[in-house]
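Computed from a predicted structure; not experimentally measured. Both counts, for ligands and for their atoms, begin at 1 and track the order of listing.
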Amino acid sequence: MNILILGSGGREHAFALKLSESNKVNQLFVAPGNAGTSQIAINININPTDFASVKETVLKNNIKMVVVGPEAPLVEGVHDFFLADDELKNISIIGPKKDGALLEGSKDFSKIFMEKHNIPTARYQSFTKENLLEGFIFLETLNAPYVLKADGLAAGKGVLILDSIDEAKKELEEMVSNQKFGEASSTVVIEEFLDGIELSVFVLTDGKSYKILPSAKDYKRIGEGDKGLNTGGMGAISPVPFASEEFLQKVEERVVIPTVNGLQKDGIDYRGFIFIGLMNVDGNPQVIEYNVRMGDPETEAVLPRIESDLFDLFEGVANQNLHEKSFSVTKKTATTVMLVSGGYPEAYEKGKEISGFESVEDSIVFHAGTTIKNNAVVTSGGRVMAITSFGDTIEEALEKSYESIEKISFDKMNYRKDIGFDLI
Ligand code: AMP
Ligand code: GLY
């Protein structure tokens, strides 16, 4: 079968590499892809939210399955677009339709969903500029710190955590009245602050049954010791030592099962990934957020641990017989460390030649923001490469990742040297 992967990051390179290992996959395409995916697939230079171009690519290349990496095409309805088109309706899409994608596309929707299906989450209320004063009153009922979330997609920047109530009121007004995050913040969810340790649990579902994929912890801040600005993610570790079997059992019973059943009860036919951001609060899971895709860089640590044929699992999702598919995961730990452009997540330069990555042997090099220019691999984004290694322990895996990184260089390369610091 020919498969198209939409997206261009390390996550999509990880999908491509895993799918390329399946003998049921003929030709892989990635749109737009990066220098890494071009080694194992054909890159097609189109924007994943340009559905007309996606259609043309699919028909021209006899593609029968589309795996959607990022959230934007899902929230904008790529799956619905396929179902509504006679030439495309029989092509499998791995990713939910618009109705399911609202779990990520609207924080307000996801909170209503959790409340309705009794899924543990922080107490909350939603506000718009019409009831701003009630928002101020609700803030008075909470203790610091105050959590404000733009309802819509805001490129990962829509969550503010503020220490003072005056600041929280000011920011709430900025969000709803002055559109701080554009249309995305015309509704704002205010919720209780959850104090605990964070982890991500990934689920693959065909709408009826599910597989719980390995859990992971992501390091979001740019600076060591979790300091500084938020990024897309600077590294990840899987599994997460504090996610004991007992805790994961609670996650399955209290979160995963009610989520999959809730979608079904609400008439949402969901086929794809659910990324559950959780806080472990005194041993009990509380949901922080849902995403309707895999995480990046979590995917670069999670997928390599899956021993089963990923294509086979995707076929199970498309044909709704996921429960018949075998699923196994290695016990080994995988760690990934992200190499980023100097300056990221603020302004940074692109086009820097990357050297040494071909000589890495003990790690997997996943490309993210890379492209080919004049026969050289150069940087084209803030997050450039994710270096994944296996080990019997976190320390062993990290040592390999950091040794491999020694071989790689580009001008102003930056990375965190303390990934996993809190788990060792
Ligand atoms: P989100 O964009 O929803 O992932 O939120 C960004 C980050 O804010 C999360 O990864 C958490 O670290 C933090 N966060 C969000 N909601 C809460 C909450 N209710 N309590 C504590 N931290 C939170
Ligand atoms: N690494 C966090 C995310 O993919 O949203």
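Aromatic ring orientation, Phe81 versus Phe51: tilted (interplanar angle from 30° to 60°). Classified by interplanar angle (parallel below 30°, tilted 30° to 60°, perpendicular above 60°), the ring pair Phe109/Phe113 is parallel.
Interface atoms of ligand 1 facing Met279, defined by a heavy-atom separation under 4.0 Å, are 21 (C), 22 (N).
The nearest protein atom to atom 13 (C) of ligand 1, hydrogens excluded, is given as Ile161 CD1, 3.6 Å; this is a heavy-atom distance. Ranking the protein heavy atoms by distance from atom 5 (O) of ligand 1 puts Val159 CG2, 3.4 Å first. With respect to atom 15 (C) of ligand 1, the closest heavy atom belonging to the protein is Ile288 CG2, 3.3 Å. Protein heavy atom nearest atom 4 (O) of ligand 1, with residue, atom name and distance: Glu289 OE2, 2.7 Å. Nearest protein heavy-atom contact of atom 19 (N) of ligand 1 is Glu191 OE2, 2.7 Å.
Between Glu191 and Lys149 there is a salt bridge, since at least one side-chain N of the basic residue sits less than 4.0 Å from a carboxylate O of the acidic one. A salt bridge links Lys107 to Glu289: one of the charged nitrogens lies within less than 4.0 Å of a carboxylate oxygen.
Within the structure, ligand 1 has Lys149 among the residues with a heavy atom less than 4.0 angstrom away.
At a 4.0 Å heavy-atom cut-off, ligand 1 touches Glu198 through the side chain alone. Heavy atoms from both the backbone and the side chain of Leu194 come within less than 4.0 Å of ligand 1.
Enumerated by chain and number, the residues approaching ligand 2 to less than 4.0 Å through a heavy atom are Asp218, Gly232, Phe275, Arg293, Gly295, Asp296, Pro297, Glu298.
Of the N and O atoms on the side chains of Thr330 and Arg305, not one donor lies less than 3.5 Å from an acceptor on the other residue. Judged purely by distance below 3.5 Å, without hydrogens or angles, the side chains of Asn118 and Arg254 never pair a donor atom with an acceptor atom.
Between Phe193 and ligand 1, no N or O atom pair is found at a separation short of 3.5 Å.
Both the sub-6.0 Å distance and the 45° axial angle are satisfied by Lys217 relative to the ring of Tyr219.
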